[in-house]
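A short write-up of the structure that comes next.
Atoms within each ligand, like the ligands themselves, are counted from 1 in listed order.
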Amino acid sequence: MTITTQVAIIGAGPAGSLLSQILGRAGIDSVVVERSSRSHVLERIRAGVLEWGSVEVLRDAGVGERMDADGHVHDGASIVWGGRDHLFIDINRHVGSHFMSYGQTPLQEDLYAAAAERGARFIFEAPDVELHDVLGDRPAITFTANGESHRVEADFVVGCDGYHGVARQAIPSTVLRTFEKEYPFGWLGIMSETPPLPDIVYANHERGFALASQRNPMLSRYYVQCPLDDALDDWSDDRFWSELTTRLGPTIGGQVVTGPSIEKSIAPLRSFVAEPMRYGNLFLAGDAAHIVPPTGAKGLNLAISDVHYLSRGLIQHYGDGVDTYLDSYSDMALRRVWSAVRFSWWMTKLLHRFPDQTEFDQRTQEVELDYLASSAFAQASVAEQYAGLPFEI
Ligand code: APR
Ligand code: PHB
């Protein structure tokens, strides 16, 4: 069966679903093809912090209603280390901006609900997507779903299929450049149905990094740095809470309300960038092109900013017959990506204990934190980057 459309989108995560949503509202037809089931995509526990630029993109895309009702707006976030009082990085004061706690899971639900309302074509459980003729005028993707073979022909193919997807692999190795950095630890994350701390708190402790975050008034998200070869069985809830509260320190750790975990997982930390983000009529967006360690909370925000730039290019193409934004997409998106990659790497270095950390490394890390505490300029720089740099016009 052959389906024709204007834009074939691979992957129905936040990047693919948001792209379809923005294009649909602009009268541009797309088909989204996803490897997993809808419920599997919704069950994955991922990010939870939206930059204000992301909040505005989501509102403009018509999916802001529940986010605005349920999201928690923050003026800044805290860092605690060395047994001292926490340092509040005041984004509102330094940059006049905010960010919002709103989970990727409800956001994904909102995007699927909006797609259903539009009657958008989303095809789930298509495990064998292949790309064809991406350098030609009529690129296509083929796959099997419900036991039937399908071919989607389009003007453009967009790979929103995450780090393990197939789209990036359609770019020959003579063209694609990749940059990668792995970190020698993971994050053990838990979700618990307990009231969270009012603020997001990052901790650098001699026992390792910790983070207190949130999803809603009765759902908390917490993380501790752990060795990569730890197993989940090594981490009872009691051990997790004890480690978390120790690392957050007596004042903040003492405010944590503990309870049974409802989810527990270990994730590695990695930085990865693939260049370019365009090859002929194939575009990449989101995790398909780049991964950041979660320390700066940038992964979901980069997926949203890529989609903002790419949808603007496609709307210009179909509306005005002009390709300036499509032609600058890769360069423009990559400038933002590299800036977030650098910030996430820097936050990761600043806040974690590395297994091979020397005393020299330790002292320079401490002095950098002390500088941050003593300098409004340093705090303004962190605030500006955590809030997210403005989109290029
Ligand atoms: N064919 C079709 N779909 C695929 C394929 C494939 N070969 N490979 C992967 N997918 C799907 C995945 O099942 C997933 O649903 O593509 C989707 C990619 O979604 P994400 O991994 O969530 O990536 P993205 O939409 O770019 O969103 C980035 O997710 O990982 C977090 O921190 C990251 O919050 C950020 C956001
Ligand atoms: C989260 O809420 O999951 C979260 C928050 C901040 C981060 C990373 C993850 O830096």
What do you reckon, does [X] have a nitrogen or oxygen under 3.5 Å from a nitrogen or oxygen of ligand 2?
X	value
Y386	no
R221	no
A47	no
W187	no
T295	yes

Would you mind checking which non-hydrogen protein atom is closest to [atom], with the distance to 0.1 Å?
atom	answer
atom 26 (O) of ligand 1	D287 N, 2.8 Å
atom 3 (O) of ligand 2	Y223 OH, 2.5 Å
atom 8 (C) of ligand 2	P294 O, 3.1 Å
atom 25 (O) of ligand 1	A15 N, 2.9 Å

Do R353 and E206 sit within salt-bridge range, that is, some charged N less than 4.0 Å from a carboxylate O? no
Atom indices of ligand 2 within 4.0 angstrom of Y202 heavy atoms, with elements: 6 (C), 7 (C), 10 (O)
Decide whether an N or O pair under 3.5 Å exists between A47 and ligand 1. no
Which atoms from ligand 1 have a heavy atom of V33 less than 4.0 Å away? 2 (C), 3 (N)
Examine distances only and state if a side-chain atom of N204 and a backbone atom of L350 form a donor-acceptor pair shorter than 3.5 Å. yes
With heavy atoms and a 4.0 Å threshold, my read on which part of S213 contacts ligand 2 is side chain
Of all the heavy atoms in R215, does at least one lie under 4.0 Å from an atom in ligand 2? yes
Any non-hydrogen atom of V49 lying under 4.0 Å from ligand 2? yes
